[in-house]
Each structure stands twice: as C-alpha cells, then as structure tokens.
J.: 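First, the structure itself, so that you have it in front of you.
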Amino acid sequence: MTIGLWERGGAILSWLCGRLPAEVLPGEFLSIRRPPFPAGGQVDVLLLGPGVSIAADAPLPACRRLLLPGELSPLAMRCQTPCSMSYGLSERDSLSLSAAGGAHYALAVQRELLTLSGRSVEQQELILPKESGQPPLQMALALLLLVLDTPPEALPALFGGERRPPQAGAHAPSP
C-alpha cells in the first residue's frame, strides 16, 4: 500500500511514525511535501494536509482515495480518483469538527465514508482526546485512519496513546 502525503512541515508523517503500531499501517509511505509528483505516479491514498498550497498546474498522481481539506475540494476534478473525501469546518465536508470543548474534540462523519477495502463507515460522531495538534491536523489523521480501515472505536486510543519511538525501518518515507 502506498500513501501519498502532500503536507507542509511533516507533522502527519511524524504523528503516524510515532503513534501507530506496524500492524495498523502496513506498507510503504511516500512522503511528498511539494510538487512535482513522479510522472505517471499512482498511490492508494493521497492525503493533502491542512494548509498546503498547490499550484493550479501541479500534477496529482492517480489514487484510489483522495483526502483533502474542504477548501481544496475543486482539486478533486483534476485527480484521477474514484472517490474523494474532504475534512474541514463546512457541512459539505465528509468529516468535520462538531465541538471542541474541554479535553476532547467531537468529529462528525457527515456522510458515509468508503474505506480502501470497500467497507462503509456510517455517519457518527467520534470523540477524540485533544493533543498538541490543531483540529485540522486531527481531522486529516482521523479521516486517513478511517479510510485505512481503522475501526472508529480504535481512534480514541490512537489519539490519546503514548508516543513510541519509531522502529527501525517501520513506516520510513520513500524518496
């Protein structure tokens, strides 16, 4: 499995490498922080992180699932993908922040999500513990995990779990 990460600053890759056991995310990471993508490239999931800026003519690889901030939704038209899902603060986003009080975030799955294996994640509210990350980063990570078939009930433990040192060779970014 190949995950394309187009992000600013490396926070998503760092979180994934520091939090997830190897059995949750098998496969190879392709960490891409700026264009261009390799010509004719293809990934299973392409995650565009919060705050990225993408030039109008920047090529996007073909992907099975495109995950992007709601404000970048028009990019879905440029990407060869059968399924795109957005995260953000709009009611049109697939995953949005519904509350941020106290020590937890409430994220709303606003429409059915389709995982890589073809499983459906129904509309629901997910309660996740806050950590140092900002809500857009939390939403991007939660959407990625759901699309990778992580059960919704497993998310609170992953977001509230202790950091672990990355294992040698595990989840290493590809050049």
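When reading the values below, keep in mind they use all heavy atoms of this one structure, side chains included, and skip hydrogens, waters and symmetry mates.
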J.: Is it true that a side-chain atom of R111 and a backbone atom of L95 form a donor plus acceptor pair closer than 3.5 Å?
T.: no
J.: State the CG-CG distance between L97 and L107, to the nearest 0.5 angstrom.
T.: 6.0 Å
J.: Locate the shortest heavy-atom distance separating L68 from S84; write the atom from each residue and the value.
T.: CD2-CB, 4.4 Å
J.: Could you pull out all residues at least two apart from A108 that satisfy side chain to side chain contact (heavy atoms under 4.5 Å, CB included)?
T.: S96, S98, Q110
J.: Can you check whether W6 reaches L60 side chain to side chain, under 4.5 Å on heavy atoms?
T.: yes
J.: Determine whether V121 and V147 satisfy the following criterion, side chain to side chain contact (heavy atoms under 4.5 Å, CB included), listing intermediate values before the conclusion.
T.: CA-CA 9 Å; V121 177; V147 167; over 6 Å; no
J.: Is a side-chain N or O of T150 found less than 3.5 angstrom from the main chain of L145, in a donor-acceptor match?
T.: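 Yes: the side chain of T150 pairs with the backbone of L145.
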J.: Do Q123 and E112 come within less than 4.5 Å of each other through their side chains, counting heavy atoms only?
T.: no
J.: Can I get a per-line list of side-chain donor-acceptor pairs under 3.5 Å for residues 69-78, giving both atom names and the distance, sequence neighbours left out?
T.:
| unit_1 | atom_1 | unit_2 | atom_2 | d |
| --- | --- | --- | --- | --- |
| S73 | OG | G70 | O | 2.9 |
| R78 | NH1 | A56 | O | 3.2 |
| R78 | NH2 | A58 | O | 2.2 |

J.: Ignoring hydrogens and angles, tell me if any N or O in the side chain of R65 forms a donor-acceptor pair with the backbone of L114 under 3.5 Å.
T.: yes
J.: Once side chain to side chain contact (heavy atoms under 4.5 Å, CB included) is applied, do any residues pair with E153, and if so which ones, sequence neighbours excluded?
T.: P151
J.: Give, for atom OG1 of T81 and atom CD of Q42, the distance between the pair rounded to the nearest 0.5 Å.
T.: 9.5 Å
J.: Determine whether L67 and L46 make a side-chain contact, defined as any pair of heavy atoms from C-beta on separated by less than 4.5 Å.
T.: no
J.: Between L158 and L128, is there a side-chain heavy-atom distance shorter than 4.5 Å?
T.: no
J.: For Y105 versus A100, what's the shortest heavy-atom pair and its separation?
T.: CD2-CB, 3.8 Å
J.: Give the minimum heavy-atom separation between Q124 and P152, together with the two atoms involved.
T.: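 For Q124 and P152, the tightest heavy-atom pair comes out as OE1-CB, 3.6 Å.
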J.: Considering only heavy atoms from C-beta outward, does the side chain of L146 approach that of L155 to under 4.5 Å?
T.: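 Counting from C-beta outward, L146 and L155 do come under 4.5 Å.
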J.: What closest approach, in Å, do E125 and A106 show between heavy atoms, and which atom pair accounts for it?
T.: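 Closest heavy-atom pair between E125 and A106: CD-CB, 3.8 Å.
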J.: Closest approach of L113 and S94, non-hydrogen atoms and distance?
T.: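 Closest pair (atom of L113, atom of S94, distance): CD2-CB, 3.7 Å.
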J.: Treating D44 as the side-chain partner and I3 as the backbone partner, does any N or O pair qualify as donor plus acceptor under 3.5 Å?
T.: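 Not a single qualifying donor-acceptor pair exists.
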J.: How close do P136 and Y87 get, counting heavy atoms only, and between which atoms?
T.: O-CE1, 3.6 Å
J.: Which distance, rounded to the nearest 0.5 Å, do you find between the CD of E7 and the CG of L48?
T.: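 The distance works out to 10.5 Å.
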J.: Would you say M139 ends up clustered with I127 if hydrophobic residues are merged whenever their side chains have heavy atoms under 4.5 Å apart, either directly or through other cluster members?
T.: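 Different clusters: I127 never reaches M139 through Ile, Leu, Val, Met, Phe, Trp or Tyr contacts under 4.5 Å.
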